[in-house]
Colleague: 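Let me begin by handing over the structure; questions about it come next.
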Amino acid sequence: MWDFIWNDFLVTGEPLIYGAMASIVLVTVLIVFVLTYFKLWKWLWDEYLTTVDHKKIGIMYIIAALAMLFRGGVDALMMRTQLALPGMNFLNSVHYNEIFTTHGTTMILFMAMPFIIGLMNVVVPLQIGARDVAFPFLNALSFWTFFFGAMLFNISFVIGGSPSAGWTSYVPMAGPELSPEINQNYYLLALQLSGIGTLATGINFLVTILRMRAPGMTLMKMPIFTWSALITSIIIIFAFPILTIALALMTMDRIFGTHFFTLAGEGMPMMWANLFWLWGHPEVYIVILPAFGVFSEVISTFARKQLFGYKAMVYAMCVIAGLSFVVWVHHFFTMGAGAGVNSLFSITTMLIAVPTGIKIFNWLGTMYKGRIRFNVPMLWALAFIPNFTIGGVTGVMLGMAAADYQYHNTYFLIAHFHGVLIAGTLFGMFAGLTYWYPKMFGHKMNEKIGKVSFWLTVIGFNITFLPQYFLGLMGMPRRTYTIEPEWMPLNLLSTIGAFILAGGFVIFVYNIYFSARYEPREKTGDAWDGRSLEWATTTPVPHYNFATVPYVNSHEAYWDMKETGATTYDESKLEPIHMPNYKGMPIIMSAIMFVASFGLVWHWFWLAIPGLIGVIICMVIRSFDYDEGYHVPIEEIKRTEEQARGRKE
Amino acid sequence: MSEHTEHSESSIPVKHIIGFIASIVLTLVAAYTTVMSGLPVPWIIAIIMILAVIQAVLQLVMFMHIAEKNPIPQYGNILFGFFIAAVVIAGSIWVMSFGMSDMDMNGGSGEEHSDH
Ligand code: HEM
Ligand SMILES: [Cu+2]
């Protein structure tokens, strides 16, 4: 028993891992201590763990995303340290493999996804004049399955060992023959668990946006961020089931000995790559479209102009949604599927640059002749345009099948996708967070510190990734744990850049702390002279969002309201507001799923089967739950609104 | 939120239960056909394809209320769904079969996949 725990269960023999274990234990003890000492357990349970309020769920998503960004960032720094000089002995090859795998998976699935979903949660209901999402209970369940999925993935490096076959987890490398240990199971089950949550989120927001808009708000009068959330939800609904199936098939291969993707038994290893990218390419558009939405909002607000080419923006996003499903083969041109296949997918890939280009011109058009304010959210948006364009253009280069035989799996590719993911998604999330921060927390983020963090990030980003294009052209392959001497100068430069970039992130997080303590409180509710409905609510936003929902005449609803002097509090129209009750079930049910998945990772059916039964029991209990929520009485609405609005004068 | 007033407490969702059980049965039949029936491969493929189509229709009718009048028709999303289904299935077959004969995808035998 003890032998098993020491040799197989826990990862032993690595100083870095011991450090990680010690820090995990310390942090856990610290959190438990703080919560107990300040008697915060009940508060935590009542206000957050059981919440179904979209604003709080959004905040929890964003906190989780920042934590995962930290974890993924530490992975990145470790890799860059190992690659700084030839012959470094900081990480051995196995360890290096594990780290690039966890880095990629964490950043895409546990950082980018929750960040965009978090912002969607906070903003979308407010922008469309809704009081919550369509299925608040399901929303909480989505969050908790995501959260426990992320935890399952993260414990792998101390318990059992991390997956090491890349975030793409290609077979045969990831299959039972070449990875007989349990490591890869963590990848499969963690993604499966959090994938459930993502799929549910997609459905939730599709229904919310289609069914719960304010009166008068036709589809073409929705704010552009809401549009991006709608399109993203649709892509999620169609893309994630493919991942679910692919993961399930590989899980069966690994745990039950089937032969879908194995070399033996007439399986088709490349079918995994095919299914993975059928999900994977739409996935990269899932994480970029909401960022596009953020930039559109930010640029229009800070250029003090209506968004240029609103309709073109909407159609461009629809076209992107369609095209994103027909380009997947560009990730494995080198499989050699034949000239017909590769040519077709080359063409579709290059086509997708067209709607993206249209959007770039629309942003430029919005700024043209605008009276631009250079606040931090706008700075992120301004930096996004040129930096993202470089990533996009190199993407088109990669999209040419013949040329891709040169670029594929070199650092050129690495530079491309970091160019689009960091300058696109990450800058977008930082822009969005700083922009909506006052709405979420009642104060802005400090501008000075924000600018320092911005410049460090942008400069660090370019120093890190521009050299990588050239390294790629010099032939440096991706996923290599040592470098040749002739690649040294550019690699060293890249590593220096990575540390500058990390500095930008640290200062960003410090700014959260600093602003919470010292920034003046934001009382108007309309911190940036905004244009869409979320700015019409008071700050802090009452839990029911809108006392009365205004009639909407354009996609800049609040701009119109400011002209007529309308508010979201019309005393003559007050009615009791129907709200859902908080529930403990989502977190409990997700915790049980976590236990069941953990059992499956270890092939412990004595744990997995009862876990699964537990989940089914939870579903049955939920099916017989007739709780219809409660009504907020008119007096309470009056009290809340008068208190919030009284402060305004 | 304020909209879901339909389900009165006593009514049993008959349609959903039938759909649920029928889906499970269809899936079990498909699994049996593939794993244990011992039929020739083309037959198996034909049978599970037919079962898949039946199940898709069943779910659209039982769970997605496709036959009912909807105040906001979702033709766009439905069509997009068919488009994606076609892309995933036909696309995968096309991509995974072209040029495959000169590649060693068959555990070293170098043959086509047709004669399992
Ligand atoms: C103009 C639009 C774009 C084009 C034409 C494009 C094209 C490509 C191509 C052809 C590849 C595969 C190259 C290879 O493996 O050799 C690739 C990889 C990748 N792209 Fe893009 N891309 C575009 C935009 C984006 C965006 C917006 C994102 C995400 C926000 C993104 C994320 C990625 C990722 C993550 C990979 C690499 C995945 C991996 O192999 O690990 N791309 N891109
Ligand atoms: Cu792609």
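Bear in mind that the values here come from a model prediction, so they are computed numbers and not experimental data. The chains referred to below are lettered A, B, ... by the order of the sequence lines, with proteins before strands, and numbering in each begins at 1.
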Colleague: Just so I know, are the side chains of A:Leu219 and A:Arg213 near enough to count as touching, which here means a heavy-atom distance under 4.5 Å?
Modeller: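 A side-chain contact under 4.5 Å exists here.
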Colleague: Given that the side chain runs from C-beta out, which part of A:Leu344 has a heavy atom under 4.5 Å from chain B: side chain, backbone, both or neither?
Modeller: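 Only the side chain of A:Leu344 comes within 4.5 Å of chain B.
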Colleague: Counting heavy atoms not belonging to B:Phe63, are there more than 12 under 6.0 Å from its CZ?
Modeller: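 More than 12 heavy atoms, drawn from other residues, nucleotides or ligands, come within 6.0 Å of this atom.
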Colleague: Answer with side chain, backbone, both or neither: which region of A:Phe345 has an atom nearer than 4.5 Å to a non-hydrogen atom of chain B?
Modeller: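 The side chain, not the backbone.
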Colleague: So, are A:Asp132 and A:Lys55 salt-bridged, with charged N and O less than 4.0 Å apart?
Modeller: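 Looking at A:Asp132 and A:Lys55, the cut-off is not met.
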Colleague: Can you pull out the residues in residues 84-92 of chain B with any heavy atom less than 4.5 Å from chain A?
Modeller: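 Within residues 84-92 of chain B, the residues under 4.5 Å from chain A are B:Ile84, B:Val87, B:Val88, B:Gly91, B:Ser92.
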Colleague: Determine which residues belonging to residues 44-55 of chain B lie within contact range of chain A, meaning some heavy atom pair is under 4.5 Å apart, and list them by number or answer 'none'.
Modeller: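 Result: none.
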Colleague: Any chance the side chains of A:His281 and A:Ser324 put a donor and an acceptor closer than 3.5 Å?
Modeller: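 Side chains of A:His281 and A:Ser324: no pair found under 3.5 Å.
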Colleague: Could you tell me if the ring centre of A:Trp328 sits under 6.0 Å from that of A:Phe276?
Modeller: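 No, the ring of A:Trp328 stays outside the 6.0 Å limit from the ring of A:Phe276, centre to centre.
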Colleague: With only heavy atoms counted, which part of A:Ile577 is less than 4.5 Å from chain B, the side chain, the backbone, both or neither?
Modeller: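 Looking at A:Ile577, nothing touches chain B.
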Colleague: Under 4.0 Å between a Lys/Arg side-chain N and an Asp/Glu carboxylate O for A:Asp625 and A:Arg622?
Modeller: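 Yes, this pair counts.
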Colleague: How about A:Tyr405 and A:Thr334: does a side-chain donor come under 3.5 Å of a side-chain acceptor?
Modeller: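 No.
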Colleague: Between A:His330 and A:Asn342, does any side-chain donor sit less than 3.5 Å from a side-chain acceptor?
Modeller: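 Side-chain D/A pair, A:His330 to A:Asn342: absent.
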Colleague: Would the number of heavy atoms belonging to other residues, nucleotides or ligands and lying under 6.0 Å from CD of A:Glu575 be above 12?
Modeller: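 Open.
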Colleague: Would you please classify the geometry between the A:Phe240 ring and the A:Trp279 ring as parallel, tilted or perpendicular, with 30° and 60° separating the classes?
Modeller: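 Aromatic pair A:Trp279/A:Phe240 classed perpendicular.
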Colleague: Can you confirm whether more than 12 heavy atoms, excluding those of B:Lys15, are under 6.0 Å from its NZ atom?
Modeller: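 Yes.
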